[in-house]
Trainee: 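Mind having a look at this structure? Questions to follow.
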Amino acid sequence: MTKDDSGSGELKATALHPAYTVTNIQTKIRTLDGTKVTYSSWTKLFRLHAKAYKVLNHIDDTPPPAETDPAYKQWVEIDSLVLQWIYSTLSDELMGRILDNDTTAQAAWNKLKSNFLNNKGSRAAALEQEFSNLTLGVCSSMEDYCQKLKDLAGQLGDVDN
């Protein structure tokens, strides 16, 4: 509720941004660990969620409003929410790699992307080695073996292999 600018003293309803209605992001987006949940799967889910809650502009390189813009204060608050969403859907190891003071959701998003995609060649080589050397004997079942191969294939896809 905000005060009506007409001078009548009445209160008028203000629309609540959809991002404020998210209470537990982990029920919508699984934790990115780079193994069970791959970077490409996580980004697809996160972008879908961000689009639905009207915050995609916080991670898609859209510049923020100017600090003099009246919308800037709310933009900063919502950006903090999106940043919390990012941090809370990362494994402890990944969060430790991208956690920074005074950052934006876009900066964290880009740092995470860089973490997964900048060293593609060495990551791909290690994953290909793991894929080639995986044997049924080290797995608990055929289903486990197939799932591990699928997970490794997904991770190889993340590095364009």
Side-chain angles (χ1 to χ4, degrees), residues 17-65 67 72-161:
H17 191 283
Y20 291 118
T21 65
V22 176
T23 56
N24 185 358
I25 193 76
Q26 289 92 356
T27 62
K28 300 180 186 316
I29 302 171
R30 294 179 51 207
T31 300
L32 171 62
D33 60 8
T35 305
K36 290 181 182 174
V37 177
T38 64
Y39 174 73
S40 62
S41 298
W42 181 86
T43 56
K44 288 172 190 167
L45 286 171
F46 200 98
R47 284 182 164 283
L48 182 65
H49 184 76
K51 186 176 182 180
Y53 286 91
K54 302 182 184 330
V55 293
L56 193 57
N57 63 323
H58 289 265
I59 59 171
D60 71 355
D61 292 325
T62 301
E67 289 185 31
Y72 182 76
K73 183 179 177 185
Q74 184 182 34
W75 183 90
V76 169
E77 289 176 5
I78 293 171
D79 195 67
S80 293
L81 284 174
V82 176
L83 186 57
Q84 287 175 351
W85 294 352
I86 292 171
Y87 288 153
S88 65
T89 58
L90 298 179
S91 68
D92 292 343
E93 179 187 343
L94 289 173
M95 186 178 62
R97 290 184 198 167
I98 69 159
L99 187 62
D100 278 329
N101 289 329
D102 301 321
T103 193
T104 63
Q106 181 67 56
W109 183 265
N110 289 340
K111 193 171 185 180
L112 188 61
K113 180 179 180 180
S114 171
N115 187 58
F116 275 91
L117 302 182
N118 275 358
N119 55 357
K120 286 182 183 181
S122 60
R123 179 88 174 122
L127 288 167
E128 284 175 359
Q129 175 88 19
E130 192 176 344
F131 189 92
S132 297
N133 291 336
L134 185 65
T135 63
L136 184 56
V138 299
C139 299
S140 60
S141 66
M142 179 60 91
E143 183 180 339
D144 182 41
Y145 175 73
C146 291
Q147 185 60 51
K148 285 183 181 180
L149 286 174
K150 183 180 176 190
D151 292 344
L152 287 168
Q155 292 175 61
L156 281 163
D158 285 348
V159 292
D160 297 328
N161 242 321

Trainee: Roughly how far, to the nearest 0.5 Å, is NZ of K113 from CD of Q106?
Mentor: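 Nearest 0.5 Å value for the CD-NZ distance: 9.0 Å.
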
Trainee: Would you say the side chain of Y39 lies within less than 4.5 Å of the side chain of L112, judging by non-hydrogen atoms?
Mentor: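 A side-chain contact under 4.5 Å exists here.
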
Trainee: With side chains defined as the heavy atoms from C-beta onward, is the minimum distance between L94 and D33 less than 4.5 Å?
Mentor: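 When only atoms from C-beta onward are counted, D33 and L94 do not touch, as no gap falls below 4.5 Å.
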
Trainee: Please find the pair of heavy atoms, one from L134 and one from Y145, that lie closest to each other, and give the distance.
Mentor: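 Heavy atoms of L134 and Y145 come nearest at O-CE1, 3.7 Å.
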
Trainee: Between T62 and D60, does any side-chain donor sit less than 3.5 Å from a side-chain acceptor?
Mentor: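 Yes, a side-chain donor-acceptor pair sits under 3.5 Å.
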
Trainee: Quick test of your reading: applying salt bridge (charged side-chain N to carboxylate O under 4.0 Å, His left out), list the pairs with at least one residue in residues 42-59, sequence neighbours left out, ordered by first then second residue.
Mentor: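 Residue pairs with at least one partner in residues 42-59: there are none.
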
Trainee: Which pairs count as salt bridge (charged side-chain N to carboxylate O under 4.0 Å, His left out) when at least one residue sits in residues 130-150, sequence neighbours excluded?
Mentor: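 Matches after skipping sequence neighbours: D144-K148.
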
Trainee: Would a distance-only check, ignoring hydrogens and angles, find a side-chain to backbone donor-acceptor pair under 3.5 Å from T89 to I86?
Mentor: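 Here the side-chain-to-backbone pair exists.
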
Trainee: Dump the intermediate steps for side chain to side chain contact (heavy atoms under 4.5 Å, CB included) on N110 and D61, then the final yes or no.
Mentor: CA-CA 9 Å; N110 289 340; D61 292 325; 3.9 Å; yes

Trainee: Can you pull out every salt bridge (charged side-chain N to carboxylate O under 4.0 Å, His left out) where at least one residue sits in residues 82-97? Sequence neighbours excluded, please.
Mentor: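 Residue pairs passing salt bridge (charged side-chain N to carboxylate O under 4.0 Å, His left out), neighbours aside: E93-R97.
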
Trainee: Could you pull out every donor-acceptor pair under 3.5 Å between side chains of residues 76-85 and any protein atom, sequence neighbours left out?
Mentor:
from : atom 1 : to   : atom 2 : distance (Å)
E77  : OE1    : Y20  : OH     : 2.8
D79  : OD1    : H58  : ND1    : 2.8
D79  : OD2    : A105 : N      : 3.0
S80  : OG     : V76  : O      : 3.1

Trainee: Examine the side chains of S41 and T38 and answer whether a donor and an acceptor come within less than 3.5 Å of each other.
Mentor: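 Judged by distance alone, the side chains do pair up.
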
Trainee: How far apart are the closest heavy atoms of A50 and I59, and which atoms are they?
Mentor: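 A50 and I59 have their closest heavy atoms at CB-CD1, 4.1 Å.
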
Trainee: Using side chain to side chain contact (heavy atoms under 4.5 Å, CB included) as the criterion, list what pairs up with Q26, not counting sequence neighbours.
Mentor: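 Q26 satisfies side chain to side chain contact (heavy atoms under 4.5 Å, CB included) with N24, S88 once adjacent residues are dropped.
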
Trainee: Is there side-chain contact between W75 and H17, with at least one heavy-atom pair below 4.5 Å?
Mentor: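 No, side chains not in contact.
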
Trainee: Got a second to check how far L152's CG is from E128's CD, nearest 0.5 Å?
Mentor: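 Reported to 0.5 Å precision, the distance equals 11.0 Å.
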
Trainee: Within the 4.5 Å heavy-atom criterion, are T43 and F116 side-chain neighbours or not?
Mentor: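 Contact flag for T43/F116 side chains = no.
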
Trainee: So, for L156 and A124, which heavy atoms are closest and what is the spacing to 0.1 Å?
Mentor: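 Scanning both residues, the minimum pair turns out to be CD2-O, 3.7 Å.
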
Trainee: Using a 4.5 Å cut-off on heavy atoms from C-beta on, say whether the side chain of H49 contacts that of V22.
Mentor: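 Counting from C-beta outward, V22 and H49 do come under 4.5 Å.
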
Trainee: Would you mind reporting whether L90 and W42 have side-chain heavy atoms less than 4.5 Å apart?
Mentor: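 Side chain of W42 against side chain of L90, heavy atoms only: contact under 4.5 Å found.
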
Trainee: Can you tell if the side chain of Y53 reaches within under 4.5 Å of the side chain of T21, non-hydrogen atoms only?
Mentor: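 Yes; the side chains approach each other to less than 4.5 Å.
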
Trainee: Can you run down the salt bridge (charged side-chain N to carboxylate O under 4.0 Å, His left out) pairs that involve residues 99-110, sequence neighbours left out, and say none if there aren't any?
Mentor: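 Found D100-K111.
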
